[in-house]
Amino acid sequence: MVERDTIYLEEFLGIEKVQYYMDDTLFVKQGNYDFISQLYNQLLSNSIRKLQINGKYQENRFHGQWEYKLSDLDLDIKSLTEGRSMGLEYLLNGIERSAKFNYLNGIPEGNWMIEVVTIKDNRRLPETNGGNFTFKNGIAVGEFKFDDLQGKNFLRGNLNDEGFFDGDLILRYINNGDEIKESRVYRDGFLLKLNKFNETAGTVDVDIAYEDVIQKLEDSDGQIQEIDFRISEEGFGVLFQNGYTEIDEKLTEQVEGNSILDNILYRFNRFSEGLTDEREDPAFKLTRRFKFVYPEEEERLIRSVQPRLNIMLDEYNDFLSNAKFILNRDRIDSLPYIFGFIDHARRKSQDMLEVIELTEEGFFDFLYRPNYYPNGLPNLNQADSFTYEEAGVEKEATFDLGIYVDSPHRLMEQIEAFTDTLKQRTDEYLDYSFMEIRIFDEQATIDSLDNQIVQLKTRADAMYSFLQVIPEDRTFEEMPLDYRIYRVIHNNTLQRLQNEYLDAEDYDEKVRLGKELTCMLDYLINQHDEILFIENMPERLDKEFTRFSPNPFFERDIETKILPAIYGKGTGPLFNAYAENLFESRNCKDLQNNLEKFRKLENRLKELVKRSDTEEVVRLDRALRRENIPSRIERLLNL
């Protein structure tokens, strides 16, 4: 046994006694534990606090029953009696809280009980307040109760074997002087009904049926409004939330009862927190939620729209902060209007990005998103307006793209469509602004090219994952085709063009090089999906060159590859040669021609496989067996 000064719960200074044994050099708590604090008297206060703890350890873990007693008392000194023996007349008033918690190897297990006794004029009153929970494997389960006779609070309920509210939960409490009996009905953690009966007035003040929950629980296919859902395994504490807004009575009418439940849980938790290496905190699952699984198509839409919106925001911010446009804004009639439009477009883009980011973060995984946007996105679900200043006069203009984000169930799809339309419109305005500003000096043209190159390069870099680091377990040749094509073209051609563009002093030559560079970047951006399509060409053609015939001995059909030479040489040596040509593209025309070869190759092979039974195609297949030189294969395939 060791006895030492210590601080418990970060505030009670006292002496603890703990039994232990030494395992080599390790101090292992084993056996009885006792703690008793000093009388804690706050400065300039008559409050007295005292904490006592008794429990047992097993191998450094709480084990068996732990008892806590916390006294909170007010000392009222009446008089001092003088004489041979001096005396003090005083009164103690306050409360004495006690708790008995059971653990099994540090995990809450069995009955947990708390009790509150009132101290009045130095005497413990016979009435006690308190309640109990039962734990299994650290989770509160089974029936529970709590009584607070002074506050007239009363609680009765049940938790199922998983720890979720199940069946009737009854609360009695005082609200604004009225005695309220609140009844709730739960099913496996889901709130189905909430009723409040005013016993003082004899009236039913609240009667809510959670039809949205009942409908989902009865929905056999687990789908609502085209959105799949399943029941969560997680516990979410006292508050039951099914995507209700802050003003929805299904949420607001829970507040009073939830406050009492939270207070009761706090009374249990206050003695059982901390020392996480010696015990686990009690788990109160209580309520559960529906976990919504939004359509997989949304992931593709988000991957497509989010980077574009970020790029658009950068473009708008660059435009709005561009000194040349700001200085010349009043010199071009339409520029003030465009400034106002672009600034409004910037705010719209930010609004859409916020919804996307919330979705990405999982905010709506357990909250039904259409409840938050029942009419689509505010300010994007109908025509809007914006203001701008022209010649010192504030004007108002309509902002209406003719397309809206007004469907709660097609949110991402409409955001993509709105983004496309917004980009098209703003691109027109930005392009127009750049063209108008060019009339002042040639430098504006160079600035425009600079912006286009930066924007296109940023988009291309993001689209082709240029900044991605090759994983250590992969080689460059094992990276996706689009990544390799862009990296090689960037290093061999785009970088060269960019350097020549930056070094060029002649205006016409600079413009020529800039256009060549933007042409290549723009083409790579527009053809990204085509390059992804090309990479899978051999797999697509493999299906075209596969035939199935009945197998007399087994149920599975016999798989046969037809025209193996045509397929093998076309998707092998020739495909690889075309890829090498694509890598070596030196200008925009080369890039376009080299990419077109893949389309012609696939179309030619599909054409031949359709005529696989003709003698001409069979002879061609035999002739290709002996060829491995790409140029000869290309000639034989008539490409």
Side-chain angles (χ1 to χ4, degrees), residues 225-227 241 243-248 251 292 294-322 325 336-389 394-431 433 455 458-459 462-463:
Q225 296 285 359
E226 302 179 3
I227 296 178
Q241 170 64 287
Y244 309 125
T245 61
E246 294 182 358
I247 60 173
D248 194 322
L251 197 65
F292 298 98
Y294 297 95
E296 291 184 3
E297 175 67 9
E298 285 199 0
E299 294 184 13
R300 184 197 67 79
L301 292 172
I302 288 174
R303 287 196 303 271
S304 170
V305 173
Q306 192 173 31
R308 279 190 285 156
L309 280 172
N310 281 316
I311 291 170
M312 288 162 62
L313 269 179
D314 289 340
E315 292 175 348
Y316 302 156
N317 287 326
D318 288 345
F319 172 80
L320 294 170
S321 62
N322 189 303
F325 287 112
Y337 170 88
I338 293 175
F339 257 81
F341 189 96
I342 296 298
D343 186 51
H344 204 63
R346 177 179 58 83
R347 289 195 289 269
K348 301 291 186 185
S349 300
Q350 288 174 331
D351 290 342
M352 291 186 287
L353 271 174
E354 286 178 5
V355 178
I356 289 174
E357 288 168 0
L358 285 174
T359 302
E360 282 279 87
E361 293 168 1
F363 181 81
F364 299 110
D365 286 357
F366 297 100
L367 300 173
Y368 189 49
R369 192 173 62 202
N371 284 359
Y372 286 79
Y373 307 109
N375 301 311
L377 295 188
N379 302 321
L380 283 91
N381 55 6
Q382 59 185 354
D384 198 4
S385 63
F386 65 93
T387 59
Y388 64 96
E389 186 176 307
E394 188 175 274
K395 296 185 177 182
E396 183 173 335
T398 301
F399 187 95
D400 188 0
L401 303 180
I403 188 168
Y404 312 104
V405 185
D406 55 6
S407 170
H409 304 294
R410 296 174 52 229
L411 209 61
M412 293 302 166
E413 179 184 339
Q414 290 187 335
I415 283 177
E416 182 188 47
F418 191 96
T419 299
D420 290 341
T421 304
L422 180 63
K423 176 164 177 53
Q424 181 180 355
R425 181 71 60 84
T426 53
D427 278 354
E428 291 173 359
Y429 285 147
L430 291 174
D431 290 343
S433 299
Q455 292 163 16
T458 301
R459 291 177 59 191
M463 187 175 289

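Because the structure is a prediction, the values reported are computed rather than measured.
A 4.5 Å side-chain heavy-atom check between Asp420 and Arg308 finds at least one atom pair inside the cut-off. Using a 4.5 Å cut-off on side-chain heavy atoms (C-beta onward), Leu353 and Leu313 make contact. At a threshold of 4.5 Å between non-hydrogen side-chain atoms, the residues Leu309 and Val305 count as touching. Considering only heavy atoms from C-beta on, Asn379 comes within 4.5 Å of Lys348 through its side chain. Looking at Glu389 and Pro336, their side chains never come closer than 4.5 Å, going by heavy atoms from C-beta outward. Within the 4.5 Å cutoff, the side chain of Tyr373 has heavy atoms near those of the Leu411 side chain.
When all heavy atoms of Tyr316 and Ser349 are compared, the closest pair comes out as CE1-OG, 3.5 Å. The two residues Asp400 and Gly402 come nearest to each other via the heavy atoms OD1-N, 3.0 Å. Residues Ile415 and Met352 come closest through the heavy atom pair CG2-SD, 3.8 Å. Looking at every heavy atom in both residues, Ala383 comes nearest to Tyr404 through N-CE2, 3.6 Å. Taking all atoms of both residues into account, the shortest heavy-atom contact from Phe399 to Ala345 is CE1-N, 4.3 Å.
The structure places CG of Asp351 at 11.0 Å from CD1 of Ile356, a figure rounded to the nearest 0.5 Å. Atoms CD and CD, from Glu298 and Glu360 in turn, are 10.5 Å apart once rounded to the nearest 0.5 Å. In this structure, CD in Glu394 is found 4.5 Å from OG1 in Thr387, a value given to the nearest 0.5 Å. Taking CD1 from Ile403 and OG1 from Thr421, the interatomic distance works out to 4.0 Å, rounded to the nearest 0.5 Å. With rounding to the nearest 0.5 angstrom, the CD atom of Glu416 is 5.5 Å from the CZ atom of Arg300. In this structure, the separation between CD1 on Ile342 and CG on Leu430 is 4.0 Å, given to the nearest 0.5 Å.
No donor-acceptor pair closer than 3.5 Å links the side chain of Glu396 to the backbone N or O of Ser385. A distance-only check finds no donor-acceptor pair linking the side chain of Asp248 to the backbone of Tyr244 [under 3.5 Å]. Between the side chain of Gln414 and the main chain of Asp406, a donor-acceptor pair closer than 3.5 Å is present. Under a 3.5 Å cut-off, the side chain of Asn381 and the backbone N or O of Val405 do not form any donor-acceptor pair. In this structure, Tyr294 contributes its side chain and Arg369 its backbone to a donor-acceptor pair below 3.5 Å.
Using a 4.0 Å cut-off between charged side-chain N and carboxylate O, Glu315 and Arg346 make no salt bridge. A salt bridge links Arg347 to Asp343: one of the charged nitrogens lies within less than 4.0 Å of a carboxylate oxygen.
In this structure, the ring of Phe386 has its center no less than 6.0 angstrom from the ring center of Phe339. The six-membered or imidazole ring of Phe364 lies away from that of Phe292, with a centre-to-centre distance of 6.0 Å or more. Phe319 has its ring centre no less than 6.0 Å from the ring centre of Tyr429.
In the displayed structure, Glu296 atom CD is contacted under 6.0 Å by at most 12 heavy atoms of other residues, nucleotides or ligands.
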